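What follows is one structure encoded as structure tokens, with my remarks underneath.
Here the structure is a predicted model, which is why all the values come from computation and not from measurement. Letters go in sequence order (proteins before strands), and every chain restarts at 1. We use all heavy atoms of the structure for the numbers below, so side chains are in, but hydrogens, waters and symmetry mates are not.
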There are 2 protein chains.
Amino acid sequence: MIEARHLRVLRAVAATGSFSAAARELGCTQPAVSQQMKALEASAGTPLLVRTGRETRLTQAGEVLVRHAAGILAGLTAAEEEVAAIAGLRAGRVRLVSFPSGSSTLVPTALAALRAAHPGTRVSLVEAEPPRSVEMLRDGDCDVALAFRYGAGHTAAEWDDLVVRPLLADRLVGLVPEGHRLADAGSVEIAELAGESWIAGCPRCRRQLVDVCEEAGFVPRIDFATDDYPAVVGLVGAGLGVAVLPELAIESVRPKGARTVTVEPAVEREIVALTLPDLAQVPTVAATLDELSRAATRA
Amino acid sequence: MIEARHLRVLRAVAATGSFSAAARELGCTQPAVSQQMKALEASAGTPLLVRTGRETRLTQAGEVLVRHAAGILAGLTAAEEEVAAIAGLRAGRVRLVSFPSGSSTLVPTALAALRAAHPGTRVSLVEAEPPRSVEMLRDGDCDVALAFRYGAGHTAAEWDDLVVRPLLADRLVGLVPEGHRLADAGSVEIAELAGESWIAGCPRCRRQLVDVCEEAGFVPRIDFATDDYPAVVGLVGAGLGVAVLPELAIESVRPKGARTVTVEPAVEREIVALTLPDLAQVPTVAATLDELSRAATRA
DNA sequence: GTCGGCTCCAAGAGTCGCTTATGCTCGCCT
DNA sequence: AGGCGAGCATAAGCGACTCTTGGAGCCGAC
């Protein structure tokens with residue numbers, strides 16, 4: 001009989017690569033970890049870890065167990081959350097993970113409303129870009145993930161086992177330096193920017209930019225690329241190039257020395273909130289999704 | 001912390017509608033069930049069962065927990081099944097690395113037997129010479145390494161932290177071109193070959209050759225050196241020189257134009273299978289080692 | 001009214017798991 | 001090459017837990 005407690009320890013060992021580090025993370029002593037792993041290997045009937053002096057690695061059986069552990073532990077925590085919510089303890093907490101430009105706009109609005117409507121609920125916020133944030137969700141490291149996707153169909157398949165709550169469509173706008181020949185154009189065709197020096201954002205957005213430009217018949221010359229959108233705005237403001245970036249990303253940035261222009265053809269990214277099917281039943285999670293929806297419609 | 005064991009009991013209670021019946025189904029006494037449910041309700045923080053004189057029904061929280069229990073317990077049993085399959089040799093993989101002349105003789109025999117005895121196990125094979133293969137083993141890039149050593153004592157120290165399974169002793173034989181003055185000698189003293197042009201094999205074998213010749217009182221003139229044993233045989237067959245090489249290396253090569261002769265004094269290399277101490281406990285690895293041993297004794 | 005089944009309660013014994021303490025090996029730095 | 005620190009294993013001791021046995025209370029059925 002494999003016990004969930006053992007799986008939790010195994011996962012910590014696999015994540016940290018060390019018994020001692022796992023013990024620190026779990027808040028117990030190293031011999032406890034050692035004994036639990038011994039017991040788990042005994043009940044599994046085969047070694048799960050290989051100790052090679054310098055590091056501890058997983059055997060194939062160990063990998064199998066860690067893979068299952070994610071689902072099992074996620075199910076357990078989901079069950080605990082839901083029961084706790086029903087128990088009316090209002091000890092319910094929501095662990096939210098969001099991409100940077102979402103956490104500065106949608107999230108504050110939603111969390112303020114959530115706190116007003118349900119005092120006692122606690123929310124933790126961590127920032128992570130979509131590929132990583134969805135992984136955290138599946139691993140049970142968070143309850144709700146804010147993510148985005150370009151073109152509705154592209155990444156739909158990878159989320160088909162999740163609850164997807166569409167929030168809003170975030171239009172891409174152009175950003176050019178003041179004094180640029182198109183600074184006062186109001187609206188520009190993207191092809192008009194073919195010869196410019198480009199400043200790109202996060203990897204996903206960068207790929208999207210290249211795709212859009214390709215359809216317009218040119219390859220953008222990307223001189224700078226950074227995940228930091230205020231930095232992108234700063235670079236454009238300093239006259240180092242032009243950029244195309246989500247409207248939400250510049251909402252909380254003062255576009256000093258830069259001007260926004262509408263870009264044709266219109267391109268949008270869809271911002272969604274994700275959660276696990278089981279978690280969607282948990283009141284605090286449901287309330288968080290609702291508040292995010294409300295914040296999105298107000299924006 | 002909700003425990004899987006509790007969920008199992010809860011499910012039995014929900015299914016049977018009675019503590020006593022659940023106890024009978026689970027093979028324990030009724031107070032045990034009673035206490036477990038008490039503990040589960042304590043950790044859930046809310047009642048899960050309503051005892052109405054005649055029958056016990058689930059509360060909403062209880063229903064939620066039972067609903068989650070299905071998935072969690074299914075995940076646990078699935079994990080157990082998969083691990084048991086690996087432990088029971090109905091599944092699992094072994095990553096084997098071998099030196100070239102081993103992979104064409106011992107390995108095919110062993111893998112055929114392994115597949116016959118345990119269908120479902122998968123084996124991957126990569127070729128690498130001993131220094132590199134042992135490194136791969138230590139780095140976790142393979143599970144079993146076929147290697148060899150000359151003279152039992154020389155390289156023993158570097159493997160003292162590994163599990164060494166001796167397979168067979170591979171005798172060195174001489175190879176001379178047809179028409180050579182010693183082609184029909186049957187057995188030759190190595191000193192008789194002092195003046196010949198030599199064709200050497202892999203670095204380790206080359207060093208061994210030089211050592212043996214030094215003991216016989218001469219330095220071999222090595223005109224060609226290649227890791228490719230069929231090439232060595234070909235060169236000898238073409239009359240370009242003589243060679244001394246492991247019997248196993250020429251077993252799968254048709255010695256066209258070349259003749260083998262016994263060399264005195266007899267020199268052997270020991271062929272062994274190596275693995276890490278922890279991995280030796282893994283069923284698939286142990287089975288692979290056994291089949292290699294069996295293949296070696298049959299050869 | 002009595003009986004049978006079910007549940008809860010209490011006490012005892014055994015087991016289990018954690019912690020502290022200690023020894024050992026390995027890698028690293030001097 | 002030797003000392004040092006980190007990490008893992010092991011042993012003993014202790015507390016907690018869980019199961020069992022035995023008994024009592026409760027409700028419905030006959």
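- Within a 6.0 Å sphere centred on CD of Glu215(B), other residues, nucleotides and ligands contribute 12 heavy atoms or fewer.
- Checking side-chain atoms of His68(A) against main-chain N and O of Val64(A) turns up a donor-acceptor pair under 3.5 Å.
- Under 3.5 Å, the side chains of Arg93(B) and Thr121(B) contain no donor-acceptor pair of N or O atoms.
- Atom CD in Glu3(A) sits roughly 11 Å away from atom P in dT18(D) (whole-Å rounding).
- Between Ser18(A) and dA6(D) there is no side-chain N or O to OP1 or OP2 distance below 4.0 Å.
- Nucleotide dT18(D) holds its C1' atom 9 Å from the NE2 atom of His6(B), rounded to whole Å.
- Counting only residues at least two apart or on different chains, the salt bridge (Lys or Arg N to Asp or Glu O under 4.0 Å) pairs with a member in residues 4-24 of chain B are Glu3(B)-Arg5(B).
- Following rounding to the nearest Å, Phe19(A) (CZ) and dT25(C) (P) show an atom-to-atom distance of 18 Å.
- Thr56(A) places a side-chain N or O within donor-acceptor distance of the main-chain N or O of Gly17(A), the cut-off being under 3.5 Å.
- Following rounding to the nearest Å, Arg8(A) (CZ) and dC18(C) (C1') show an atom-to-atom distance of 18 Å.
- Put simply, CZ on Arg24(A) is 18 Å from P on dC18(C), counting in whole angstrom units.
- When the C1' atoms of four end pairs are superposed on the next four at each end of the helix from dG1(C)-dC30(D) to dT30(C)-dA1(D), using five pairs per end, the two resulting axes differ in direction by 20°, to 10°.
- Look at CG on Leu26(B): it is 15 Å from C1' on dT18(D), rounded to the nearest Å.
- For dC9(C), one of the phosphate oxygens OP1 or OP2 lies less than 4.0 angstrom from a side-chain nitrogen or oxygen of Lys38(B).
- Non-hydrogen atoms lying under 4.0 Å from DNA chain C are contributed by Cys28(A), Thr29(A), Pro31(A), Ala32(A), Gln35(A), all within residues 28-35 of chain A.
- Shown here for Val285(B) and Ala280(B), the closest heavy-atom pair between the two residues is CG1-CA, 4.3 Å.
- Rounded to the nearest 0.5 angstrom, Glu268(B) CD and Arg171(B) CZ are separated by 7.0 Å.
- Counting only distance, with no hydrogens or angles, the side chain of Ser98(B) and the backbone of Leu146(B) share no donor-acceptor pair below 3.5 Å.
- Classification of Glu41(A) and Arg51(A) as a salt-bridged pair holds, one side-chain N sitting under 4.0 Å from a carboxylate O.
- Look at CD on Gln36(B): it is 16 Å from P on dC9(C), rounded to the nearest Å.
- The interatomic distance linking Arg51(A) (CZ) with dT25(C) (C1') rounds to 14 Å, in whole Å.
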